[in-house]
Amino acid sequence: MKKVLRKSTVIALGVLAAAAVTVTVATAGISSSSKRSAKTDVCFLMPDTKTSIRWVQFDAPSLVAALKGYHVGYIVENSLGDPQKQKAQADQCIADGAKVLIIAPIDSGSAAAIEKAAAAKGVKSIDYDRQVEGGSAVLYASFDGHTVGVLQGTAVANALKSKKGAVVAELNGGQEDANAFLFKGGYDSVLKPLYKSGALKAGPDQFVPGWDNQKAGTIFEQMLIKTGNKIDGVAAANDGIANAVVVALKAHKLKSIPLSGQDATTQGVQNIISGWQTMTVFKDVRKLAAAAAKAAVAIVKGTPLPTTGKVKTKGRSLEPAYLIAPQSITKANYKLLFTSGFLKKGDVCNGTYAQYCK
């Protein structure tokens, strides 16, 4: 039997477009001559294209690749930061017969409502990458967010060991994202004892609404004004926010400072090898996608879910979880991103950055 393909509002993966992203739905076991539309078993709801390039560049294609080996129908949507659009996409998936929603939420409030409405119709949900406070998902599939923050804080602290009293600013993710607090909790667990001892000094500390990189740049500009450019290091929640710091430092003709990041993006790695960013956190979304796909298929088939334990999620009982360990990436080990196939060397080591790749 050949696969039947159904498409709806499809745009190419890897392109940040101003339209919803819907990946081709493939369902096995239906004849290509059948007039039935392909069923949807699993629906992956991505949040946006602005908070990180990862959703379109890494997560969507990785999940599609992971699901291709299973005999289930799937569809991938991107709500472009619009909670109402994400709800409409979820409703359509359920109407199309989806048994599982894999949700990367825009915010906990809207996602919790989606999960509860789905549960009322017998559809189960998986929290993907981000926790949904007050939700009803049967699994939280992600990376260990606290450890991500610990890696970030440790890198900044180690880089400032010889500079007693150095001022560290914190640029956190969006407050609407529960993960932003996990990351902050991680780097604060490293930095706060150093603030208390006087080894480091706490500088400005702000959340970046919606993880918006432009807003991050504006906030950091204000931090520089407030401190008279006296910022010696920054715990930045991800590579996009870190790049906003780099842009501001260059605009003010200031030197590079210890700076964390996250997501192992091409831009983040370029900033690392050129000396503007200290580290990034590699979260191999291929592993996350594979885990989420396996869990979704288990739900469809009624088999036990793969878990690594349980986590505390606000507004609900302990949530079964599948957590993956993240990895710190620096100038010393960035090439493993190439050897692992996560990034292409040609995408990183080009133009003015080619000189740094040896």
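Positions are given from 1, in the same order as the sequence printed here. The figures here come from the full heavy-atom set of this structure, side chains too, leaving out hydrogens, waters and symmetry mates. Everything numeric in this text was worked out from a predicted model, so none of it was measured.
I102 and V297 fall within the same hydrophobic cluster, defined by Ile, Leu, Val, Met, Phe, Trp and Tyr side-chain heavy atoms under 4.5 Å apart, directly or through other members. Residues F58 and L45 do not share a hydrophobic cluster, defined by chaining ILVMFWY side chains whose heavy atoms lie under 4.5 Å apart. No continuous path of hydrophobic side-chain contacts links F207 to L171 [ILVMFWY only; heavy atoms under 4.5 Å]. V168 and I219 fall within the same hydrophobic cluster, defined by Ile, Leu, Val, Met, Phe, Trp and Tyr side-chain heavy atoms under 4.5 Å apart, directly or through other members. L200 and V156 end up in the same hydrophobic cluster when Ile, Leu, Val, Met, Phe, Trp and Tyr side chains are linked at under 4.5 Å.
Taking 4.5 Å as the limit, some side-chain heavy atom of T51 sits within range of a side-chain heavy atom of W55. You'll find the side chain of T278 stays beyond 4.5 Å of the side chain of T330, heavy atoms only. Considering only heavy atoms from C-beta on, L151 comes within 4.5 Å of M279 through its side chain. Contact check for P320 versus V138: no side-chain heavy atoms found under the 4.5 Å cut-off. Looking at L80 and K85, their side chains come closer than 4.5 Å, going by heavy atoms from C-beta outward. A 4.5 Å side-chain heavy-atom check between K124 and K99 finds every atom pair outside the cut-off. Between S256 and Q277, the closest side-chain pair of non-hydrogen atoms is not below 4.5 Å. Under the 4.5 Å side-chain criterion, counting only non-hydrogen atoms from C-beta, P258 is not in contact with D232.
Side-chain atoms of N350 come within 3.5 Å of backbone N or O of D347 as a donor-acceptor pair. Between the S125 side chain and the A137 main chain, no donor and acceptor come within less than 3.5 Å of each other. Listed for the R130 side chain is a donor-acceptor partner under 3.5 Å among the backbone atoms of P105. At distances below 3.5 Å, at least one donor-acceptor pair connects side-chain atoms of T339 with backbone N or O atoms of L336. In this structure a side-chain-to-backbone donor-acceptor pair under 3.5 Å is present from Q262 to A237. Using modelled atom types, one side-chain atom of N172 and one backbone atom of Q206 make a donor-acceptor pair closer than 3.5 Å. Of the possible donor and acceptor atoms, none in the side chain of T303 sits under 3.5 Å from a partner among the backbone N and O of I299. Not a single donor-acceptor pair under 3.5 Å links the side chain of D41 to the backbone N or O of V72. Of the possible polar contacts, one joining the Q131 side chain to the K312 backbone as a donor-acceptor pair under 3.5 Å is found. Side-chain atoms of N179 come within 3.5 Å of backbone atoms of D129 as a donor-acceptor pair (strictly under, hydrogens ignored).
A donor-acceptor pair shorter than 3.5 Å cannot be found between the side chains of D82 and S79. N238 and W211 form no side-chain donor-acceptor contact under 3.5 Å, judged by distance and modelled atom types alone. No side-chain donor-acceptor contact under 3.5 Å links D96 and T40. A donor-acceptor pair shorter than 3.5 Å cannot be found between the side chains of Q267 and N271. Under the 3.5 Å distance criterion, with hydrogens and angles disregarded, no donor-acceptor pair is assigned to the side chains of N78 and D48.
Here the closest non-hydrogen pair linking A157 and L191 is CB-CD2, 4.3 Å. Nearest heavy-atom pair, A292 versus L63, reported as atom, atom and distance to 0.1 Å: CB-CD1, 4.2 Å. What you find for F183 and K283 is that their closest heavy atoms are CZ-NZ, 4.2 Å. For the pair L224 and H252, the tightest heavy-atom approach, listed with the atom from each and the gap, is CD1-CD2, 3.9 Å. Across all their heavy atoms, A236 and I241 have their closest contact at CB-CG2, 4.0 Å. Nearest heavy atom pair, residue K255 against residue W276, reads C-CZ3, 3.9 Å.
Rounded to the nearest 0.5 Å, atoms OG1 (T265) and CG (D239) are 3.5 Å apart. Atom-to-atom distance recorded for K201:NZ and L160:CG is 14.0 Å, nearest 0.5 angstrom. Here CG of D263 is found 4.0 Å from OG of S52. Values are rounded to the nearest 0.5 Å. With rounding to the nearest 0.5 Å, the separation of CD1 in I94 from CD in Q89 is 12.0 Å. Residue I231 holds its CD1 atom at 9.5 Å from NZ of K226, rounded to the nearest 0.5 Å. Considering CG of D144 and OG1 of T308, their distance stands at 8.5 Å, rounded to 0.5 Å.
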(request) Would you please test Q327 and N333 for side chain to side chain contact (heavy atoms under 4.5 Å, CB included) and show each step? (result) CA-CA 10 Å; Q327 183 175 5; N333 68 344; 4.2 Å; yes
(request) Could you give me the CA-CA distance, side-chain angles and deciding distance for S274 and I272, then say whether side chain to side chain contact (heavy atoms under 4.5 Å, CB included) is met? (result) CA-CA 5 Å; S274 59; I272 288 172; over 6 Å; no
(request) Take L343 and T266 through the side chain to side chain contact (heavy atoms under 4.5 Å, CB included) test and state the conclusion after the steps. (result) CA-CA 7 Å; L343 293 180; T266 296; 3.9 Å; yes
(message) Pair S110, D107 - check side-chain hydrogen bond (donor to acceptor under 3.5 Å, both in side chains), show working.
(response) CA-CA 6 Å; S110 61; D107 63 79; 3.1 Å; yes
(request) Assess whether side chain to side chain contact (heavy atoms under 4.5 Å, CB included) is satisfied between L182 and V148, documenting all intermediate values. (result) CA-CA 8 Å; L182 292 176; V148 168; over 6 Å; no
(request) Please report the C-alpha distance between K50 and D212 in whole Å, then the side-chain angles of each, then the deciding distance to 0.1 Å, and finally whether the salt bridge (Lys or Arg N to Asp or Glu O under 4.0 Å) criterion is met. (result) CA-CA 7 Å; K50 289 185 177 180; D212 187 287; 5.6 Å; no
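For Y128 and F44, the gap between ring centers is short of 6.0 Å. Taking the six-membered ring wherever Trp is involved, the centroid distance between the rings of Y322 and Y140 does not fall below 6.0 Å. The aromatic ring centroids of Y334 and F338 lie less than 6.0 Å from each other.
A side chain to side chain contact (heavy atoms under 4.5 Å, CB included) with E115 holds for exactly one of V123, I126, D127; it is D127.
The local environment of NZ in K161 is sparse, with at most 12 non-hydrogen atoms from other residues, nucleotides or ligands closer than 6.0 Å.
Ion pairing between E319 and K310 fails under the 4.0 Å rule for side-chain N and carboxylate O.
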